[in-house]
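Below: one structure, written as structure tokens.
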Amino acid sequence: MDLSSYTVMVVEDHDFQRRMTLQMLKDMGAGVLLEAANGRAALSLLVDRGEPVDIIFCDLDMPEMDGVEFISHVAQDQLAQSIAVISAMEISILNTVETMAKAYGLQVLGTISKPFDLHELTRCVANFQPKGIALEASHAGAEFNVEDLKRGLKEREFLTFFQPKVSFATGEVEGVEALVRWFRPGYGVITPFHFIRQMELEGLVTPLTEVLLTQTCGYLKAWARRGHVMTASVNISMHCLEDVSIADRLHDLVKESGCDPKQIILEVTETEVMIDVAKVLNVLARLRLKGFGLSIDDFGTGYSSLQQLSNVPFTELKIDQSFVKDSPTQARHRTIIETSLDLAHKLKLKTVAEGVESRAEWDLLKSLECQQAQGYFVARPMPGHQIPEWIQMWQAPEEA
Ligand code: C2E
Ligand code: MG
Ligand code: MG
């Protein structure tokens, strides 16, 4: 492949490795060569340039800004046509990077293990297909059908993001909620609102939940290795709970992933799909017996009603964000929150406020003795690898 009309960038913190890669590319006739020692430096070079480069060779494990974050910026801001990843990292992280990149229309030329040779470099370059950069923004609402969803599952395009849940009293991070995102090639990131219902109707939500639970267990173990032991909440549609074998399957899956069901809280979400209530109650009871925590999500809306509380052995109640919103100024919202907290307290349920967006909401819910906060005021959902770094940075607000 003739590289003379292309611009190639090498992002690598290791001096010797970077110089070696640049020399190989030079020998291959690369037109313009750019280099940077970390993601942050590379990004500012790219932004200053104002024009996308053709190929980026990028290490993943770098100081300042790691390669995963760098690639997600490059992809979202369309700063390059293609990337090749140089890394000694585990395959699951590489898959995540590849899926993210593809969703934004970035060509992924391949991964090069370290130490790499000319042969591997040539293989990646040969995969490059020059084309104009697709500049249209990602449109989440674009049409898709059941085949797209099935293919997405098969190609591992569904990834979980994680949003921290912190203690109002101590500020400590006690858990995260897993929230699915569809990294659809050429369409960017699609949020669950656009596809969960269709997956429920097509019977795909159970396989999806299994995929996400596996990813979640993988991260729980990775975080624990870095000293962060916590719980993870996974949303489970009522639709999954109609299958009587699901309790055993989820239990086995968690055990096989090297985790304990006690680390997992299943958030039961509302559904418009008709369900068999008796079966669902049976399955919920069995999940609880196996050690899973059970949370009633979006409390106060739709199906999430008092009746469920009396029938299901819930361990947690999540106050819906619609009540948290504006609670400092809306007396009615505040009353509903107070009543919900009182009820949860009497039933010995853990209480979580979701959608905490402001300091005023934080202060109010804390004063009402709600136990955990989740919301943009604390953090937005983020990829799993960013959680340990976020925990280092996080500081709960000082006492008012
Ligand atoms: P949810 O379980 O109630 O999750 C909370 C939603 O609120 C998330 O939206 C989260 O990103 C958003 N959120 C968190 N904090 C704030 C805030 O401060 N302000 C605002 N405005 N929003 C906030 P997301 O990720 O779009 O998920 C929407 C819903 O999709 C979830 O609501 C859940 O019902 C469903 N969902 C997500 N992942 C899964 C899944 O893996 N399986 C199933 N069955 N449903 C899922
Ligand atoms: Mg939830
Ligand atoms: Mg909710």
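Sequential numbering from 1 along the given sequence is applied to the chain's residues. Read the numbers this way: they start at 1 and go in the same order the structure lists the ligands and their atoms. In what follows, every heavy atom counts, from backbone to side chain, and hydrogens, waters and symmetry copies are set aside.
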Can Lys318 and Glu177 be counted as an ion pair, charged N to O under 4.0 angstrom?
yes

A student checking ligand 1 against Glu357 at a 4.0 Å heavy-atom cut-off should list atoms 17 (C), 18 (O), 19 (N), 20 (C), 21 (N)

Atoms of ligand 1 under 4.0 Å from any heavy atom of Gln163, numbered from 1 in the order shown, are 14 (C), 15 (N)

Would Lys350 and Glu174 pass as an ion pair if we require N to O under 4.0 Å?
yes

The answer for which part of Ser237 has a heavy atom under 4.0 Å from ligand 1 is both

Within this structure, what is the CZ-CG distance for the pair Phe195 and Leu149, rounded to the nearest 0.5 Å?
8.0 Å

Which of the atoms of ligand 1 are close to Asp297, meaning less than 4.0 Å from one of its heavy atoms?
1 (P), 2 (O), 3 (O)

N/O/S of Glu267 less than 2.8 Å from the Mg ion (ligand 2)?
yes

Region of Asp298 that comes within reach of ligand 1 [heavy atoms, distance under 4.0 Å]
side chain

Using a 4.0 Å heavy-atom threshold (strictly under), name the region of Lys318 that reaches ligand 1: side chain, backbone, both or neither.
neither

Heteroatom N/O/S of Ser233 within less than 2.8 Å of the Mg ion (ligand 2)
no

Under 4.0 Å from a heavy atom of Pro381: give me the atoms of ligand 1 that qualify, with their elements.
11 (O)

Side chain, backbone, both or neither: which part of Glu177 comes within less than 4.0 Å of ligand 1 when only heavy atoms are counted?
side chain

Below 4.0 angstrom, N of the basic side chain to O of the carboxylate: do Glu389 and Arg226 qualify?
no

For the residue pair Gln17 / Glu12, report whether a side-chain donor-acceptor contact shorter than 3.5 Å exists.
no

Sidechain N-carboxylate O distance under 4.0 Å for Arg151, Glu147
no

Any Lys/Arg nitrogen of Lys279 or Asp243 sitting under 4.0 Å from an Asp/Glu carboxylate oxygen of the other?
no

Element-labelled atoms of ligand 1 that are located less than 4.0 Å from some non-hydrogen atom of Gly355
16 (C), 17 (C), 18 (O)

Determine, for Glu120 against Arg123, whether the closest basic-nitrogen to carboxylate-oxygen distance falls under 4.0 angstrom.
yes

Using 2.8 Å as the threshold, say whether any N, O or S atom from Asp297 sits that close to the Mg ion (ligand 2).
yes

Considering only heavy atoms of Leu212, which atoms of ligand 1 have at least one such atom less than 4.0 Å away?
41 (O)

Between Glu210 and Arg249, does at least one N-O distance fall below 4.0 Å, as a salt bridge requires?
yes

Arg181 to ligand 1, any heavy atom closer than 4.0 Å:
yes

Is it the side chain (CB and beyond), the backbone, both or neither of Asn235 that lies under 4.0 Å from ligand 1, heavy atoms counted?
both

Verify the ring-centre separation between Phe323 and Phe299: is it less than 6.0 angstrom?
no

Within the 3.5 Å criterion, strictly below it, is a donor on Ser295 or Glu316 matched to an acceptor on the partner's side chain?
yes

Heavy atoms only: which of Ile190, Thr209, Leu179, Thr160 is nearest to atom 4 (O) of ligand 1?
Leu179

With heavy-atom distances below 4.0 Å as the criterion, list the atoms of ligand 1 near Glu354.
3 (O)

If I consider every N, O or S atom in Glu177, which one ends up closest to the Mg ion (ligand 2)? I only need its name.
OE2

Output yes when Asp59 and Arg18 qualify as a salt bridge under the 4.0 Å nitrogen-oxygen rule, no when they do not.
no

Does Val205 reach ligand 1 with a nitrogen or oxygen that is under 3.5 Å from one of the ligand's nitrogen or oxygen atoms?
no

Find all atoms of ligand 1 within a distance of less than 4.0 Å from any non-hydrogen atom belonging to Val180, and give their numbers and elements.
38 (N), 39 (C), 40 (C), 41 (O)

